[in-house]
Number of protein chains: 2
Amino acid sequence: MSAVARKTRRAVGADNVSLKSEFVAFKTNRIIEVASRLFYQSGYSSCTLDNVAEQLGVTKPFLYSYFKNKEAILAAICEVGISEALAVLEATLAGDHKNHRDLLAEVVRQVGRIVIDRQEYVVVYQREMKHLSADDHERILRLRHSFDHQIAELIREGIEAGEFREDTDSFVAVWIGGLISWIPTWYSPGGQRSADDVIDQLVTAALRLAGAEKPTN
Amino acid sequence: MSAVARKTRRAVGADNVSLKSEFVAFKTNRIIEVASRLFYQSGYSSCTLDNVAEQLGVTKPFLYSYFKNKEAILAAICEVGISEALAVLEATLAGDHKNHRDLLAEVVRQVGRIVIDRQEYVVVYQREMKHLSADDHERILRLRHSFDHQIAELIREGIEAGEFREDTDSFVAVWIGGLISWIPTWYSPGGQRSADDVIDQLVTAALRLAGAEKPTN
DNA sequence: TGAAAAAAATACTGGCCAGTATATCCTTTT
DNA sequence: AAAAGGATATACTGGCCAGTATTTTTTTCA
């Protein structure tokens, strides 16, 4: 990967600022990719920046030219963890759907997919958020609240439309969030269950919680 | 508390071994009680034994006369986290119940109660288990597997008895486990929702997942 | 090509912290 | 009352690690 990086850098002309910043983005991505895996495995506080650097084939001061400090790396990871989920949620909500039941199913499917694909980021986000600086913590929390709020709203509208059982209350949004968030603690890629199975079952479970039957595929 | 401790100790006669060991147990309990709260708040790796000692009004070497090292304190916390849940599960399973639906409801209610009451222990157990020594890790994991297995068995029997929807598959045990385990990440005592509300809604949700209606109270 | 600039490495520091060696205090026993 | 033993504190150590100062290597471009 270091060889590729070198080659790419060579191709960056001085007059081409955008390519250069893309390259910086590429390196920051590599850093948080490796860091998220290590933080996931051994925990933020136990994982040293020397570990991260070693895994990347660079040295610690290298990291400091891309991130202000260790906490900034954590913040970047947390941001991926929540903002990608938020992005697919909003994209799905913006699309067209027959009814609320189908919309909920699709939302759960898409978010579930992200949570599985970005397992390390999501778990680090959930587990280590408390180590963020006050500013970062607040920023991330705002994203989270937006996420929760939109899910709750979807449920509320579905109840109003009579598509979910009317004794379904606002708790259901929390339970569905729990279903999704809990996946990374037991699902491991390459285990007995395929990601597709897990997601199918997740959708079924979410619809049952909402009191809506599984849509006929 | 230290004053109480002193008085109690004075009452321990040399000829009364059982009282003395009870007193040791009392102190080890106080230690893991405080440690679980601090590990819960700031994470195992970030929390120092000096912090724990200070919170207890003692000094670090004091802790070392009750626990071999930091990891042993973590192991004790994890053990409470899982073994109390396992204990109420088994006690509930051992009792008499009309049918599988009521039994599932009661199990979920009891385990949910423990998870809320022992929030700090449960979260530390979930989050920090990877920092246990190989031996402790294996011991704790055995308890967890026993728990999971008994829940899965209960679901299987309920399906067989025709009390849960037959298209309910073994995944449901995992989803119900997720519902319960996720509670501590969003429930906080003294918030808007009372523990009793949460538990009632939890039971409803679990029964929906299993495809069994809520029992008429 | 070679001077300047940029990127990355080596080498270091200061503080923190798990764990321990030693001292003190308090209780029990005679 | 004083020696013995147990409980707890004080004082220390060695290693680790985030963050930095300095040097070396690589790239740029005149």
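All chains are named by letter (A, B, ...) in the order of the sequence lines, taking the proteins before the strands, and each is independently numbered beginning at 1. Only a predicted model underlies this, so the values are computations on that prediction, with no experimental measurement involved.
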Rounded off to whole Å, could you give me the [atom1]-to-[atom2] distance for the [X] and [N] pair?
X       : N      : atom1 : atom2 : result
A:Lys68 : D:dG19 : NZ    : P     : 8 Å
B:Leu49 : C:dT20 : CG    : P     : 12 Å
A:Glu54 : C:dA9  : CD    : P     : 13 Å
B:Asp50 : C:dG19 : CG    : P     : 12 Å
B:Arg30 : D:dT8  : CZ    : P     : 14 Å
A:Ile73 : D:dG19 : CD1   : C1'   : 12 Å

Phosphate-side-chain proximity, [X] and [N], N/O vs OP1/OP2 below 4.0 Å:
X       : N      : result
B:Lys60 : C:dA21 : no
B:Tyr64 : D:dT8  : no
B:Tyr66 : D:dA7  : no
B:Lys27 : D:dT8  : yes

key: Aromatic centroids of B:Trp182 and B:Trp175 separated by under 6.0 Å   = no
task = Please work out if A:Thr48 contacts a base, only the sugar-phosphate, or nothing of the nucleic acid, heavy-atom cut-off 4.0 Å.
result = sugar-phosphate
inquiry  = Both A:Cys47 and B:Phe62 contact DNA chain D. Which one's nearest nucleotide lies toward the 5' end?
reply    =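 Result: B:Phe62.
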task = Check every atom of D:dA18, C:dA18, D:dA9 against the side chain of A:Lys70 and return the nucleotide holding the closest atom.
result = D:dA18
message = Can you tell me how far apart CD (A:Glu90) and CD (A:Gln150) are? Round to the nearest 0.5 Å.
response = 4.5 Å
message = A side-chain contact here means heavy atoms from C-beta on lying under 4.5 Å apart; do B:Tyr121 and B:Glu79 qualify?
response = no
Distance-only side-chain donor-acceptor flag, A:Arg144 / A:Tyr125, under 3.5 Å =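 Yes, because at least one side-chain N or O of A:Arg144 sits under 3.5 Å from a partner of the opposite role on A:Tyr125.
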